[in-house]
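Have a look at the structure below, then the notes.
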Amino acid sequence: MIKINGLQHHFKIGKKGNERHVPVLKGVTLEVGKGEIVAILGKSGSGKSTLLHILAGFMSPEAGSVMVNGQETAVLRESEQASFRLANFGFIFQNFQLMPGLSAFENVELPLKIQGMNEAERKMKVQKLLEKVGLEEVAGHYPNELSGGQQQRVSIARALITDAPIVLADEPTGSLDSETEKEILLLIKSLNKKLGLTFVIITHDEEVAAVADRQYRLHDGELVKGEQRYAV
Amino acid sequence: MQFKDQIDFIRQHMKRNKLRVATTILAATMGCAFLIVLASIGFGLHQTITNDVLDNNLVTEIEVAGKSGEETDLAPSEIPDGEVQKMREMDHVVAVVERTQPDADTQVAIGERSAYSRVVLSSMEEEQKSGFGLSEGKMPAAADEIVIGYHMASQLLTEAEQEKQANGEEVTGFSGSLIGQTIEVQLTPYMNEGDEKTEMSSWEFVVTGIAKEPTKDWMTDTSVYADSSWGTVFNEELGLQPGYENILVYADELQNVGGITNALKEDGYYVYSVTEELGKMNVFFNALKAGLIFVGTIAVLIASIGIFNTMTMAVTERTREIGVMKAIGAQPKLIRKLFLMESAAIGLIGTALAVAISYGISMLSNWLIPIIVMSSLGEEQPENFTLVISTIPWQLVVIASAISIGVAMVSGWRPARKATQIDIIQALRQEM
Ligand SMILES: Nc1ncnc2c1ncn2[C@@H]1O[C@H](COP(=O)(O)OP(=O)(O)OP(=O)(O)O)[C@@H](O)[C@H]1O
Ligand SMILES: [Mg+2]
């Protein structure tokens, strides 16, 4: 499903002529199979988000390749990248990234609108999914009328609505309390089981990583497989 | 994204910033309304003057004032009859009349009454075909029958009445109908140098018809219209030179006047018709309208700065949302289209309001300004003259809309492009 090979990336900081190169990824290789949940752990600043952004096609890597569903993503043009994302990825962000002017229902509907699906079909699909994630009661609420956990459910529903096979999540529970966190993790686990979705979850939290089938640790620009837990 | 959803999308966005969008629309409305109202004055004056020309002329009449010859130009009287006959055979020509006037002092008399007059000799048959209008009676059928001018009766005065009129008193002239009456036409050759006195000759005619009132209300028609065969009789009897002649060609419809005029010009005739006059005016007024539209467009351009600002702010404010849309998989083309549609919508709504308001202003000024002008001059508006200050033909609406909506879209172009270039990662970092 996902094949990352020898991925390298660095950032330039400072003014021109006096720049410093900060290597973030120094050859990351990773394979994720269909229906797997993979967690990527790492300290703050270790480059987890950078890895995810490259995987999603938000930016291009310096070296190495990313294959998703047999497609080399770096060679796609911007517009092709967009279509590719729409078809293959769902996104869950730490701070939900919902549209403030749209209701929960409309937020979930948005990717289908972008796809150009007709209204009747769209409404049915959204309705069903909202029931599945337990949001039918608050479908008409706007994001500022929803709790953090509800907002994250909306964003999960938005990630799933297009039936994309892969869900990329960057700190999906980062803004939630531990109670709500558990709830969301259970939801992810059950969606993975029921729908066979592939999840790549980025987190710095061991407990979140525990839902994963496999865990990796990003350290010093390299990815190490890590079942073992550090002593706290 | 379906078109309906795109419309919904921009409507939602515009609603979220009602005040800002409304003020921008207001500016666009004012700019566009200024353009339309300003240009409508050009259109209005053009219409007023065109109407005036058409009302005061026999519009299907083409006057032939001569022909360019090999060496010298030919006067109408010198144009051979064969060529006049050719004119009659042209397409869309219904009649060609040759009118001559004997070169003599003319008076008409009936009983005690007499009036100054002029004799117009023409083929009555052609006059009838040309649509010679009678207010009463019928066209002459015999050689000694005539038609007289509309004002003849009121100008036929006795000597006592002539004196009264000279003192500024009202006189009524001949009362009753002149039709069927016999009147005397008296011709006296003009005196040349050395002549002691010239002899008057007179002929009697029966009046069969009275011409209709001249179109121009300042004209007084006391002519005698008689058959052209009298020309040689008068000239021989009085020893006159051939008098002034004019040739008038009549077209069947106004729209054919231009074609006939041009055809005659190509044959070397000097011609004059309403289309000639209107043609010159059209050039002038079209230049005026273009100038007014140009000045009005400046107002639209000023309003476009507002649209540019509004859209730039909208893009900045919605950076995060645009980033999310792009992350989810919206095409950059779609993002650009949504923003262009929003600025076009501002232009469109502004234009629609402007058109409505402009029609209002136009009607108001057409009603109010003539009243103000006339009352300040202390005069009543002349009856058959309507002063049109402003007209808004559909062409003006089309031109103004195209300018206004086009300018709105151009000013939305850069903000829209900026929106497509938003970096997803940077946008997602922004706080809500
Ligand atoms: N646009 C950028 N320009 C320069 N440096 C950057 C840029 N983005 C990230 N970095 C640097 O790259 C490194 C990795 O950043 P990244 O956001 O991937 O970390 P992270 O692992 O997601 O951290 P966190 O857990 O805090 O989210 C950091 O040292 C950061 O300073
Ligand atoms: Mg991060």
Side-chain angles (χ1 to χ4, degrees), chain A residues 11 49-50 52-54 56-60 76-103 106-122 142-144 151 155 158-159 161-162 164 168 170-171 175, chain B residues 1-21 310 313-342 345 416-432:
Chain A
F11 288 106
S49 294
T50 306
L52 190 88
H53 292 156
I54 292 172
F58 297 165
M59 60 201 254
S60 315
L76 297 174
R77 281 183 287 126
E78 198 188 355
S79 59
E80 293 167 337
Q81 289 264 11
S83 313
F84 189 78
R85 275 201 293 277
L86 190 59
N88 293 285
F89 293 127
F91 292 95
I92 305 173
F93 302 101
Q94 174 175 356
N95 41 10
F96 324 130
Q97 302 288 14
L98 300 176
M99 301 288 181
L102 300 181
S103 67
E106 291 165 335
N107 264 289
V108 177
E109 199 183 8
L110 185 60
L112 296 181
K113 275 193 183 173
I114 292 173
Q115 277 186 340
M117 186 183 280
N118 72 51
E119 195 172 340
E121 209 178 327
R122 216 162 63 197
Y142 285 84
N144 61 3
Q151 288 187 58
S155 106
R158 184 178 64 187
I161 193 71
T162 56
L168 303 180
D170 193 351
E171 307 277 10
S175 322
Chain B
M1 207 179 221
Q2 292 182 346
F3 187 68
K4 185 185 154 293
D5 292 329
Q6 294 174 12
I7 301 279
D8 273 354
F9 191 91
I10 59 169
R11 207 176 47 208
Q12 237 156 8
H13 273 176
M14 289 169 80
K15 265 196 204 152
R16 260 163 70 194
N17 249 310
K18 271 198 205 108
L19 184 64
R20 195 172 67 202
V21 169
T310 296
M313 278 170 80
V315 170
T316 310
E317 271 178 6
R318 291 180 218 151
T319 298
R320 196 184 62 80
E321 290 175 52
I322 296 162
V324 174
M325 296 264 295
K326 285 180 80 176
I328 289 173
Q331 295 286 340
K333 246 197 304 192
L334 175 64
I335 309 267
R336 184 174 62 218
K337 192 173 170 204
L338 290 172
F339 278 93
L340 277 181
M341 277 171 67
E342 191 169 332
R417 212 184 51 169
K418 195 179 147 203
T420 65
Q421 290 168 345
I422 281 172
D423 180 59
I424 299 173
I425 300 167
Q426 294 300 333
L428 293 179
R429 273 212 186 109
Q430 284 194 359
E431 282 305 304
M432 293 186 81

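Residue numbering restarts at 1 for every chain, and letters A, B, ... go by the order of the sequence lines. Everything numeric in this text was worked out from a predicted model, so none of it was measured.
In this structure, CZ in R429(B) is found 11.5 Å from CG in N95(A), a value given to the nearest 0.5 Å. Once rounded to the nearest 0.5 Å, the distance linking CD1 of I425(B) with CZ of F58(A) reads 7.5 Å. Considering CG of D423(B) and NE2 of H53(A), their distance stands at 9.5 Å, rounded to 0.5 Å. In this structure, CE in M117(A) is found 13.0 Å from CE in M1(B), a value given to the nearest 0.5 Å.
Screening residues 79-101 of chain A for salt bridge (charged side-chain N to carboxylate O under 4.0 Å, His left out), with sequence neighbours left out, gives R77(A)-E80(A).
At a 4.5 Å heavy-atom cutoff, the contact between K4(B) and chain A is made by side-chain atoms alone. Only the side chain of L110(A) has a heavy atom closer than 4.5 Å to any heavy atom of chain B. Only the side chain of E106(A) comes within contact range of chain B, with at least one heavy atom under 4.5 Å from a heavy atom of that chain.
When all heavy atoms are compared, the tightest approach of S79(A) to P332(B) is CA-CD, 4.3 Å. Between R16(B) and P100(A), the shortest heavy-atom distance links the atoms NH2-CG, 4.2 Å. Taking every heavy atom of both residues into account, A327(B) and F91(A) meet most closely at O-CE1, 3.2 Å. Of all heavy-atom pairs between A330(B) and A82(A), the closest is O-CB, 3.7 Å.
In terms of the side-chain contact (heavy atoms from CB on, under 4.5 Å) criterion, residue partners of A164(A) (sequence neighbours excluded) are, by chain and number, T162(A).
In this structure, the side chain of Q97(A) engages the main chain of L428(B) through a donor-acceptor pair within 3.5 Å. Using a distance-only test at 3.5 Å, with no hydrogens or angles considered, no donor-acceptor pair links the side chain of E321(B) to the main chain of M99(A).
Using a 4.5 Å cut-off on side-chain heavy atoms (C-beta onward), D5(B) and R122(A) make contact.
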If you apply the rule side-chain contact (heavy atoms from CB on, under 4.5 Å), what do you find for I328(B) with R158(A), and how did you get there?
CA-CA 9 Å; I328(B) 289 173; R158(A) 184 178 64 187; 3.8 Å; yes

Does the pair Q331(B) and L86(A) meet the rule for a side-chain contact (heavy atoms from CB on, under 4.5 Å), with working shown?
CA-CA 10 Å; Q331(B) 295 286 340; L86(A) 190 59; over 6 Å; no

If you apply the rule side-chain contact (heavy atoms from CB on, under 4.5 Å), what do you find for D8(B) with E119(A), and how did you get there?
CA-CA 12 Å; D8(B) 273 354; E119(A) 195 172 340; 5.9 Å; no

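Between chain B and the residues N88(A), N118(A), I114(A), the most heavy-atom pairs under 4.5 angstrom are made by I114(A).
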